[in-house]
Each structure stands twice: as C-alpha cells, then as structure tokens.
Asks: 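Structure below; questions to follow.
A quick note: this is a predicted structure, and the numbers were derived from the prediction, not measured. Sequential numbering from 1 along the given sequence is applied to the chain's residues.
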Amino acid sequence: MKIVIVGGVAGGATAAARIRRLDERAEIVVFERSGYISYANCGLPYYIGDTITDPEELTLQTPESFFLRFRVDMKVRHEVTAIHPEKKSVSVRNLETGEVFEEAYDKLILSPGAKPAQPRLPGVGIDKLFTLRTVEDTFCIKEYINRHHPRSAVLAGGGFIGLELAENLRELGLEVTIVQRPRQLMNPFDADMASFIHSKMRERGVKLALGYTVEGFVEKDGGVDVLLKDNGPLHGDMVVLAIGVTPDTALAKEAGLELGLKGSIVVNDRMETSVPDIYAAGDAVLVKHYVTGQDALISLAGPANKQGRIIADNICGGDSRYPGSQGSSVIKVFDMTAAVTGINETNARRAGLDVDSVILSPMSHAGYYPGGKAMTMKVVFEKGTYRLLGAQIVGYQGVDKRIDVLATAIHAGMKATQLKDLDLAYAPPYSSAKDPVNMAGFMIDNIARGVVKQWHLEDMDRLPRDGSVILLDTRTVGEYSRGHIEGFQNIPVDELRERLDEVEQGKPVYVICQSGLRSYIASRILEGNGYEAYNFSGGFRFYDAVMNDRGLIERVTACGMDQ
C-alpha cells in the first residue's frame, strides 16, 4: 500500500508516523512545500523574541531524522500542484529544481493547513509588511529586526499569534500597537473576560486600537502607515498581518472535493473526504464543535494531531472516529495566563442556547500559603439542564490545570452541578481544600437548588433607580470609599443583621461585594429574614475591571489613539 501525504506538519507528520507504527511495509511519501517538517507553529513568536534562541529547536524532526526512525520519504520544498482522483495520482513540482512529475497513491492524505488571511487591500505586498505562519516567515521577521532595528511595530489582529508576537516584540524593546475591527482581543473569550487581557497588555505598554477597520498600507518615512477607516493612520517601522487564517484548500477545490465553511474540506468522523481514498486533517478541514454540534473551523495543533492519528488508524484497517473539536486553548500574556474551553456565553446565545454563567475570583492556592494570586473564572452552563458548555479563566498560577479539568468535564458530558463532586488534589502550595473548580460547582448547585439568585453586569443599566429596589454594597467602609457604584448604599456584611432596619422590607435587594462571596452571605442573611435577594455575579472587582476597559475603549474611539 502506498500512501501520499500533502503537508508535513502536525496532522501530516502524525499520520505518517502512526501509519509506520501500524504497518511496517507501507510505502509513505510526504510532500512539504516549505523547507521544514514537524515544526512547532506555536513556538515561532518566541524565537522572534529570543526566548527560544536556537532555530533548530523549532523543528521537532528533520527529513533525515524522520526517515532514519520511520523510513518515511519526506520531500521538502516539493509542492503538490494538482490532485487527479480518477488516476489516483498527484502532480508535484520540485521547488528547487523546477522538475514536475506525477506520484501515484493508494491512499491520499491532505494536511495543507491554513494560510494567513490576506485582505485585498492597497499596499499588501510591500516589503515591510509580514505574516507569521511558517519557519521561513519567522526567519524573515527575525532577520529584518536584526538588520534594521525597528523601533515600532503595528500588528493587525488580536488573536493568539497577535498577542504572542506583541509580547515578544515588547521584550525586544519595540513600541507595539495592535489594531483590529472587533472591539476586543481574543474572540474565544467573552468581552467581559477579555477586559483582563486588555488590562495586562496596556500595563506592559502595548497600545490597543480596537474597533478600527484597516483599509490599506502605504510606505512612509522609512516605515509603513496603516490606513484606518474614518481615522488617521497608524505608523510603524514594520507591520505584521495577524488577522487570522483561512483553509488552504485550492487543491481540494480543483479536484472536486466537497467544501464547506470558508472553503474548508468536508470530512466525516473517520476524516474521509467526499472522494474515496482521500482523507484530510488539520486546519483545512471542517469539524463539528463538540459542544454545539455545529460546523466549525478550529485551528489548533491538538485536534490536527488527533485527526492525523485517526486517519492512520482507518487506513490501516481500524475504525477510529473524531468526536469533534472543543477549542481548548491557553495563552501566555506576559506574566499572566488566559485559557478557554468549550463555547463562551456570547457564542452559546448565538447558537440559540438558553444559558447562564457564574463568575468567581478564587485564589490559585490556599490563602494562608504565601504567593497565592487571584484568578477570574467564568463557567457557562445551560439553564434547566445544567449542561456544562464552556469556561474561561484569566490569572496566574494554576489556570492551565483548572481549564484542563473543566475541558475533561465537558468532554465527559458532566453537568455543571457535578463539578462540586470532583475529587481534586490538594496541598497548600497547589490548591485549596475547596478547589476553584469545586467552588464553581458549589455556586451552580446553589443556583440549581434555589439557594441563591444572581444578577449580572448586563442587568446593571436596567436596575430601576426610583427606589423600587434596594441596591446594597456589603463591602467594608474603606473599600466602599475607594470606589463604588452610584446609588448603592453601604452596609458591611458583618453589620447587616444588626442593621436590617435600614433595608426596607417588601423590595427586592440587589447585593454586591468585592468578589461575590460576602454578597452571597449577605443574600442568605436577607433571605433568612424574609427579603428577596439577588447576588451580583463577579463582584465589584469584576465590575470595575470591565467598566474601566469599556471606558478606555470608548475614549480611544472618540479621541483617537494615544500615539
């Protein structure tokens, strides 16, 4: 059996190695357009920022080492230019010699990945404008920085690559501005949770131009002007387009394979395309979202590697199935960590789901053990069924392990209320006896049992200020004096029982504290004394962070960037 693989990164390399482990006699040929195989896309920004200093560390295997171990013929700098399903062959061009030839196959695996989105804008081809997707792109950017010593950079796009590159360019001392049309960075997060990411970026000197539409690029004063719709230009010594990726599927389209969202390759759960004996994996394929079951494009290394393994199993006589992509991901934001899994609240509502969420700010480990830091967690679940839909966490230590627990719980089909039952490891340096994941479960269980009723940030503007409801801040007098929401009276929770006569009976009471814990206790006191109480989800700390961020974005939009 002869297997031809188009693409030698992630899904393609994984499929090749797995096939060899299952079938020692198979003939395996991989064609990779670039000069590198099995490289770590996610590590590329860190080479630019000198965190990774050895370029060889970016490649997990070389063609020579792959052949030595797996006897797989890795042909780099070879581009597949056409697929001929009727002949079961592909046309290939050797990019170094110009030779063109055909290669026959019994099974064909497409793992072409995705390409940086290239908007059709004036000036896209100028030489100070870069994209970052391949090792060659990385070396090109690094060489430009080393040779020309730019002092400033504009990054168009605020996703994973944009944020990682912004951090690494700041570490090199460049002034960095991120510009993009959406009014938040990192769209997998809800806007409220993205506020914490915005704050960290600004704290580290990254300027954010959110809500601006890029209309073109012009070389000027030795650098590049980024032209913005209805605004003055942004200037940088260099510009990097990081506005996302699109499936690289021209070959599949020309060969007549069925395509889906944004030209992605349609596959079934065995990763088979619409054409017999052709499989596809990675960023080029259309998947089902594990939570919603809807079509999705999820460009992550983990799913690509799993899909490559599934293809190998099926080619070698097995019956492996891909259950869908969940979108679990994590990113380093300077000294902070942000992570997400499942779907956020915004996308859950767009999908037609009736959802609720809890927001909490637990410590990374036991409060009495030195060095603990607060994280902010948002856990999204379906009303009525309490199906766990997604989670977002922003913080420092322990963020990654909590998101992995929540990702596992979603995959296992657990209800959000069952998070309270998880038996998670505890020692003071690592966690609390009530782990943050357990705490989220306790909170959701309280909601399910009717022990607590919530109100959310989006309810704030709808609260009547005519005296028909009571607005109560249960923090200390000192905390209240340092900042509070207009219209909220202050009764510290520890004084509430003795001061209930100051809270008018017969009116709903909307309660807030710093993190949501004291206001929950206050709500129980009020409920126990005949009041109808609602606890604010997230607390004043959360409210303050989100509102400050919104205010900054509005001021920048109204007055222009503080260049």
Asks: Applying the salt bridge (charged side-chain N to carboxylate O under 4.0 Å, His left out) test to E382, which of K415, R349, R387 qualifies?
Replies: R387

Asks: Does the pair K253 and E258 meet the rule for a salt bridge (charged side-chain N to carboxylate O under 4.0 Å, His left out), with working shown?
Replies: CA-CA 7 Å; K253 181 178 180 181; E258 183 183 353; over 6 Å; no

Asks: Go through the side-chain N and O atoms of D445 and T417 and say whether any donor and acceptor fall under 3.5 Å apart.
Replies: no

Asks: Verify the distance criterion only: is there a donor paired with an acceptor across the side chains of Y322 and N268 at less than 3.5 Å?
Replies: no

Asks: Would the distance check show the side chain of S519 and the main-chain N or O of N535 forming a donor-acceptor pair, the cut-off being under 3.5 Å?
Replies: no

Asks: Cut-off 3.5 Å, side chains only: do R550 and S195 have a donor facing an acceptor?
Replies: no

Asks: Could you label the plane-to-plane angle of the W455 and Y510 rings as parallel, tilted or perpendicular, counting under 30° as parallel and over 60° as perpendicular?
Replies: perpendicular

Asks: With sequence neighbours excluded, give me every ring-ring contact (aromatic ring centres under 6.0 Å, His included) pair touching residues 372-417.
Replies: Y290-H411, F381-Y386

Asks: If you measure only the distance, is there a donor-acceptor pair under 3.5 Å linking the side chains of S361 and R541?
Replies: yes

Asks: Is it true that R449 and N446 share a donor-acceptor pair across their side chains at a distance under 3.5 Å?
Replies: no

Asks: If the test is side-chain hydrogen bond (donor to acceptor under 3.5 Å, both in side chains), which one of R402, H365, K401 qualifies with S431?
Replies: R402

Asks: Between H484 and Y480 (judged by ring centroids, cut-off 6.0 Å), do the two rings come close enough to count as a pair?
Replies: yes

